[in-house]
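Working notes for the structure below.
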Amino acid sequence: MENLIAKIEAINGAVNSFAWGPLMLLLLVGTGVYLTVRVKWLQVTHFGRILKNTVGTLFEKKSDRDHGANISPFEAVSTALAGTVGTGNIAGVTGAIFTGGAGAVFWMWVAAFFGMVTKYAEIVLAMKYRVKDENGVYHGGPMYYIENGIGKSWKWLAVIFCLLGGLASFGIGNIAQSSEIAGALSDLFHLSPLVTGILLAGVVALVTLGGIKRIGKVTSLLVPFMSAFYILAGLVVIILRITQIPAVFGQIFAGAFSFKSIGGGLFGYTIMMAMKQGFARGVFSNEAGLGSAPIAHAASSLEEPCEQAIWGVFEVFIDTIVICSITAFAVLLSGILNAEGGLAAFTSKGAAAAAAFNTILPGTLGGKIIELSLLFFALSTILSWAYYGENCWGYLTNNNTVVVLLYKIIFALVCVVGAVGSGTLMWDIADTLNGLMAIPNLIALLMLSGVVAKLTKDYFAKHMLKK
């Protein structure tokens with residue numbers, strides 16, 4: 001049995017090195033660059049319009065409009081953000097800086113800048129090619145724009161995407177997050193992992209069995225709260241060390257373009273590691289190009305594809321440019337990078353992030369903030385990935401109600417498995433599957449880039465005429 005596990009680990013390690021390797025990361029970011037050119041740099045040229053139709057609407061009086069069987073545009077982006085704002089925004093960013101240096105932050109920003117358009121394009125296509133079931137609920141995502149956009153002969157590619165996404169939902173969207181929640185509740189309230197798992201399974205079942213309407217309602221309350229909580233805590237950390245901010249920016253830019261060798265290694269090793277870690281963290285955090293978030297956006301009651309898609313630009317901005325950057329600044333301002341032994345000096349990446357906040361905030365307050373943030377981030381990720389997985393298995397079975405219900409029950413029960421055990425191997429496999437999801441999605445994005453460009457041109461031309 002041990003030999004079998006070792007072989008599986010070796011095979012998964014080899015595939016993972018490709019799925020999240022330099023070639024795939026360059027393809028992900030490169031697709032964002034290509035799409036940015038095709039839509040004429042809309043994240044810059046139409047930034048005012050994007051802010052007005054996203055952030056600006058949050059302060060408007062809420063209407064009593066009935067969204068039918070679907071959800072509001074804000075609930076759709078909240079569900080998507082629930083999946084992207086996760087433990088990686090804290091632990092992942094911390095690990096990337098320890099491995100790639102301060103320069104990784106700059107390349108993370110670069111990945112996010114182009115990822116804004118990648119996410120925009122995914123949502124445009126998801127809205128354009130979505131379908132409505134007999135209950136009036138919209139279903140969309142890469143599987144639908146592959147089949148209905150590229151053509152029926154490409155359905156095999158849609159099937160591959162759904163198989164990868166459906167399996168990955170149990171690992172990246174459940175086990176890894178349940179384990180994080182169990183650890184946080186154990187530290188905060190000394191709750192046993194088994195009790196945590198059972199309670200979590202009950203909460204997840206209660207929410208997910210209510211369908212996208214209930215998921216949207218919960219995430220629209222949870223995401224703004226958890227984001228504001230972490231952002232405010234991070235701003236306090238930054239303000240307390242405000243005089244060091246110029247030096248931190250200096251570290252970031254110097255590290256991003258440093259061609260020094262490390263330990264006699266290859267000339268240019270520093271910049272290569274910074275780029276790899278920055279690109280990986282940016283892509284993994286906001287999931288631009290992976291094809292998951294457009295599944296949630298497709299459930300929006302909006303009819304105009306581009307109108308919903310600009311929420312995707314906002315989504316990447318909040319996830320990476322704001323939340324990930326707060327973690328990065330806390331780590332760099334705290335000086336924990338100078339700890340003897342590096343990352344190995346801490347029990348985990350999350351513990352390193354907690355140490356960074358504790359260095360600046362009084363007592364153990366920083367650690368408590370990190371634990372609470374990880375708890376909320378992980379819970380929100382579970383809820384959104386339950387919906388992603390449901391849609392993937394639904395597509396594969398023609399939305400068979402029995403299969404979908406069975407998936408929801410199994411998904412909830414897996415929370416117990418994740419809480420009581422490390423599930424390291426399954427998490428590693430799911431991480432690989434998550435990375436491989438990008439391949440069919442990127443193929444579709446590139447093949448349908450003309451559709452995105454045309455819809456974008458028509459939408460903004462119409463908007464300019466209204467001025």
Side-chain angles (χ1 to χ4, degrees), residues 18-47 49-50 80 84 106-129 140-146 148-151 154 157-158 160-161 256 272 275-276 278-295 297 305-306 308-317 319-321 434-461:
F18 167 75
W20 289 106
L23 185 62
M24 273 300 297
L25 290 172
L26 284 173
L27 180 60
L28 279 158
V29 177
T31 299
V33 174
Y34 174 71
L35 290 169
T36 294
V37 173
R38 292 223 62 175
V39 297
K40 304 186 186 305
W41 302 79
L42 72 82
Q43 73 271 55
V44 177
T45 56
H46 294 289
F47 190 66
R49 168 76 175 171
I50 291 167
T84 57
F106 173 82
W107 297 112
M108 179 183 75
W109 291 337
V110 171
F113 177 78
F114 293 109
M116 290 176 188
V117 175
T118 304
K119 183 70 68 74
Y120 167 86
E122 290 176 304
I123 299 168
V124 167
L125 295 174
M127 294 285 289
K128 166 75 174 173
Y129 295 107
M143 53 282 210
Y144 291 99
Y145 54 75
I146 288 172
N148 300 328
I150 303 177
W154 287 82
L157 194 64
I160 290 174
F161 173 85
M272 286 192 294
M275 288 182 71
K276 180 181 177 182
F279 283 170
R281 183 44 40 209
V283 170
F284 190 85
S285 173
N286 58 55
E287 297 183 12
L290 300 190
S292 51
I295 296 174
H297 283 277
C306 297
Q308 182 65 39
I310 60 178
W311 277 101
V313 179
F314 170 77
E315 180 187 325
V316 174
F317 179 81
D319 177 272
T320 308
I321 303 298
N434 188 222
L436 291 175
M437 285 169 62
I439 298 176
N441 185 49
L442 291 177
I443 291 172
L445 287 177
L446 292 171
M447 292 182 71
L448 295 171
S449 61
V451 175
V452 176
K454 184 179 186 308
L455 288 173
T456 301
K457 181 182 178 181
D458 293 345
Y459 171 74
F460 283 107

Can you confirm whether the side chains of T84 and E287 place a donor and an acceptor under 3.5 Å from each other?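 Note: T84 and E287 side chains miss the donor-acceptor criterion.
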Do [X] and [Y] have side-chain heavy atoms sitting under 4.5 Å apart?
| X | Y | value |
| --- | --- | --- |
| T31 | F114 | no |
| P142 | P294 | yes |
| L445 | L442 | yes |
| F279 | L26 | yes |
| L157 | W154 | yes |

Rounded to the nearest 0.5 Å, what separates atom [atom1] in [X] from atom [atom2] in [Y]?
| X | Y | atom1 | atom2 | value |
| --- | --- | --- | --- | --- |
| F161 | I146 | CZ | CD1 | 7.0 Å |
| E315 | K119 | CD | NZ | 3.5 Å |
| Y120 | L125 | OH | CG | 10.0 Å |

Is a donor on one side and an acceptor on the other found under 3.5 Å between the side chain of [X] and the backbone of [Y]?
| X | Y | value |
| --- | --- | --- |
| N441 | G289 | yes |
| W107 | A256 | yes |
| N286 | T320 | no |
| K40 | A453 | no |

Could you walk me through whether F113 and W41 pass the side-chain contact (heavy atoms from CB on, under 4.5 Å) test, one step at a time? CA-CA 10 Å; F113 177 78; W41 302 79; 3.7 Å; yes
Please name all residues satisfying salt bridge (charged side-chain N to carboxylate O under 4.0 Å, His left out) with E122, sequence neighbours left out, ordered by chain then number.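 Per chain and number, E122 pairs via salt bridge (charged side-chain N to carboxylate O under 4.0 Å, His left out) with no residue.
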